Student: 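What follows is a single structure, and I will ask about it in a moment.
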Amino acid sequence: MRIPALVSLTLRELFAKAALIILAAISTLVLIGVAFVVSVHTAPEGSSLALFGQPVSPPLPEADLIKAVAQMQATLAGGLFTGIILFGIFATAGVIPDALEKGTVDLYLSKPIARWELLLGKALGAITGILANVLYFFIGLWLVFGLKAGVWDPRILLAAGTMIFIFACLYSLVVFFGVLSRNTAVSIIFVYLYLFVVGAILQNREATLYLISTNVVYRTVIDGFYYLLPQISGMQENGAKQILGVAMDWKPFLQSFLSALTIFLGSAVILRNRDF
Amino acid sequence: MTAIACEELSKIYRSGIFRRREVRALQDFTLSVERGQIFSLLGPNGAGKTTFIKVLLSLTHATAGRASLLDTPLPHVRVRTRVGYLPENHRYPGYLTGDQVLTSFGALSGVPRAMIASRIETLLDLVGMKEWRAVKVKKYSKGMLQRLGLAQALVNDPELLFLDEPTDGVDPMGRKEIRDVLKNLKSEGKTIFLNSHLLSEVELISDRVAILDKGKLLKVGTVDELTAAGEEYRIDIAGTVPEAFLVEAQALVMKIRVEGGTLITEVTEAAALNRLIDLLRKHGVMITSITQRRSSLEESFITLIKREVNA
């Protein structure tokens, strides 16, 4: 009852800030654009994919057409997912610092709510908001390609689940920096820094950080950081593979889940010891 | 049956580099509040009043000591289902209406969904906010926010209510209404713990009062106990005081001063007061009234704090 109430309050907060509405509006524009741009030309020798009415592929047998559509869906989903992640973090990062503000946190914590419950409820609220947007976009994409190209491939729907999982793992860092700094801007900067700089360097550590030293301890520490933090790009690559129907590697998902859980628990411990 | 009990409770805030700067917000604070009372905690700014409530509600961790709420040792999350709290500087989400605030915080307090609607109806009526229920909180005045805050604190029908400056920003009529609400709650057997700067109000409704300064408990007692100004009596007389009376009274080592038609005396026992009355009668002075002088709670408070500062 208490965690659902926190989720509901957080969703109201996100709607009030118009964050979710803006995100849904962007998704709608993309879907409308795709619906206008993409079509299929059917000829006796096969169907070809067309953009703006111009065929962009030779006439293809049905199996190849499905592959071509999946490729297009993966490109669109990848692009918009990056957008959703960036905007989603920007839109929801304030949820934790706002809840911990003087005058607000007193109201929450004077209720029979444990501090970890407050964090969990707030994080779930933000993730649910983004989930609604991701589902809206992916179901929309599935419908558009189904109606326009006659390709009803359910893998795109499964990819929505994967995408939200990736967002949830990344959100553990938002929670952590939110608790630590109690400042939305600092929280956003650190998460973006992880996403674009630290995460990317760690992902390619063999070609970057390993070059600095061959010391075993140094490399173990670098590896430790890599496995301790969510592997966003690793998971994202596998999300694209899911849409394309290529075999996925589940290791980054498992590692990221454990890492997100550890980061969340760490945030809860920090919050538990704090005076308000 | 105690509503609040604490023993040698201390809270030290540490700050600065290496956390070497210390502020002792509470020092060996021992207090017990019986159920069904209105108990007020008074003290100057920074005395530790809000810290005390925050420690009891586990918003802040005690550095040392023990405490319990409603006979449940702290810290204990679920005991807060039986507690209500109106913080001093509360911030309700501005995008919610009054109705939505109470629904949301009712759910957070663990009020069953089926009961929330009827509870809100009663509370909005109680705090006089029915017409504003559908208006967004960001449009509320300070006084209206306090009324809503009081309703929020009562949403779970708590046994123990903590109110930190509940009448802050409320107009005189509103203050009277809040006082009446508190008296009604007391008659229902609820315990009310009040932090307030408005000593005249505290005096009107409190059963017991504690005075706190620099984290130390200076005095606890009923309002009568705190406002009794020693054994000082006012004796109103008709006419003037004869010189012979004054000479004889001073010979009896009585502290007397004359202010117009009133004699003010400090006596240590009732027998001494009676001797003085006998002396007045002997000199043919007509006594019209005798009253024990009381200071206001404000005077007692200021005297006590000044004494502490001088000490």
Side-chain angles (χ1 to χ4, degrees), chain A residues 1-22 91-92 94-122 124-126 128-129 179 182 184 268-276, chain B residues 11-15 25 50-51 53-63 75-97 100-101 103-113 116 136-138 145 148-149 152-153 155-156 158 161-162 164:
Chain A
M1 179 80 173
R2 292 173 187 98
I3 289 183
L6 282 167
V7 170
S8 153
L9 253 176
T10 310
L11 285 172
R12 278 181 196 273
E13 181 184 337
L14 294 175
F15 271 112
K17 287 179 179 168
L20 297 182
I21 296 163
I22 293 171
T92 58
V95 160
I96 302 293
D98 288 354
L100 301 182
E101 244 181 67
K102 191 176 160 62
T104 304
V105 71
D106 307 48
L107 290 169
Y108 284 129
L109 295 183
S110 64
K111 301 296 172 199
I113 299 169
R115 294 185 180 198
W116 67 267
E117 286 178 311
L118 175 65
L119 279 192
L120 185 63
K122 285 279 160 186
L124 284 179
T128 307
V179 169
R182 285 196 264 176
T184 306
V269 170
I270 294 169
L271 187 64
R272 191 189 64 187
N273 295 327
R274 186 158 283 169
D275 283 334
F276 291 101
Chain B
K11 175 64 194 174
I12 301 172
Y13 287 109
R14 296 177 203 278
S15 60
T50 299
T51 299
I53 293 184
K54 287 187 171 186
V55 167
L56 293 178
L57 293 172
S58 303
L59 283 157
T60 292
H61 304 286
T63 310
H76 194 283
V77 173
R78 298 300 180 221
V79 75
R80 299 201 290 262
T81 48
R82 298 154 65 197
V83 174
Y85 176 43
L86 169 66
E88 187 180 4
N89 297 307
H90 46 77
R91 274 169 45 110
Y92 292 103
Y95 48 84
L96 297 181
T97 63
Q100 289 168 338
V101 164
T103 309
S104 302
F105 284 89
L108 292 177
S109 302
V111 180
R113 195 185 292 265
I116 288 184
K136 285 202 163 66
V137 165
K138 62 184 170 195
L145 283 171
L148 180 70
Q152 176 278 131
V155 74
N156 54 334
L161 186 62
F162 288 99
D164 203 347

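Note that this is a predicted model, so its numbers are computed, not measured. Values below: all heavy atoms of this structure, side chains included; hydrogens, waters and symmetry mates excluded.
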Student: What's the shortest heavy-atom distance between A:R115 and B:L59, and which atoms?
Tutor: NH2-O, 3.1 Å
Student: Which atoms form the tightest heavy-atom contact between B:T81 and A:R2, and what is the distance?
Tutor: CG2-NH2, 3.5 Å
Student: State, to 0.1 Å, how close A:I113 and B:R80 come at their nearest heavy-atom pair, and which atoms those are.
Tutor: O-NH2, 3.2 Å
Student: For B:I53, is it the side chain, the backbone, both or neither that has a heavy atom under 4.5 Å from a heavy atom of chain A?
Tutor: neither
Student: Check the surroundings of atom CZ in A:F15: do more than 12 heavy atoms from other residues, nucleotides or ligands lie under 6.0 Å from it?
Tutor: no
Student: Please flag which part of A:T104 lies under 4.5 Å from any non-hydrogen atom of chain B: side chain, backbone, both or neither.
Tutor: both
Student: Got B:L57 and A:L109 here, is their nearest side-chain heavy-atom distance under 4.5 Å?
Tutor: no
Student: By ring pair (Phe, Tyr, Trp, His ring centres under 6.0 Å), which residues pair with B:Y85, not counting sequence neighbours?
Tutor: none
Student: Between B:P87 and A:L107, is there a side-chain heavy-atom distance shorter than 4.5 Å?
Tutor: yes
Student: Pick one of side chain, backbone, both or neither for B:Q100, based on which atoms fall under 4.5 Å of a heavy atom in chain A.
Tutor: side chain
Student: Select one option (side chain, backbone, both, neither) describing which atoms of A:E101 are under 4.5 Å from chain B's heavy atoms.
Tutor: side chain
Student: Which bit of A:K17 is near chain B, if near means a heavy-atom gap under 4.5 Å: side chain, backbone, both or neither?
Tutor: neither
Student: Measure across B:S109 and A:K111 and return the closest heavy-atom pair with its distance rounded to 0.1 Å.
Tutor: OG-CD, 3.1 Å
Student: Which one, A:V105, A:D98, A:N273, leads in non-hydrogen pairs under 4.5 Å with chain B?
Tutor: A:N273
Student: With a 4.5 angstrom heavy-atom cut-off, which part of A:L6 approaches chain B: side chain, backbone, both or neither?
Tutor: both
Student: Who wins among B:R113, B:H76, B:K54, B:R82 for the most heavy-atom pairs under 4.5 Å with chain A?
Tutor: B:K54
Student: Salt bridge or not for B:R91 and A:D106, using N-O below 4.0 Å?
Tutor: no
Student: Let me know if B:V101 has heavy atoms under 4.5 Å from chain A in its side chain, its backbone, both or neither.
Tutor: neither
Student: Name all residues meeting the ring pair (Phe, Tyr, Trp, His ring centres under 6.0 Å) criterion together with B:Y92; count only those two or more places apart in sequence or in a different chain, and write none if there are none.
Tutor: B:H90, B:F105
Student: Below 4.5 Å from any heavy atom of chain A, which atoms of B:T51 appear? Answer side chain, backbone, both or neither.
Tutor: neither
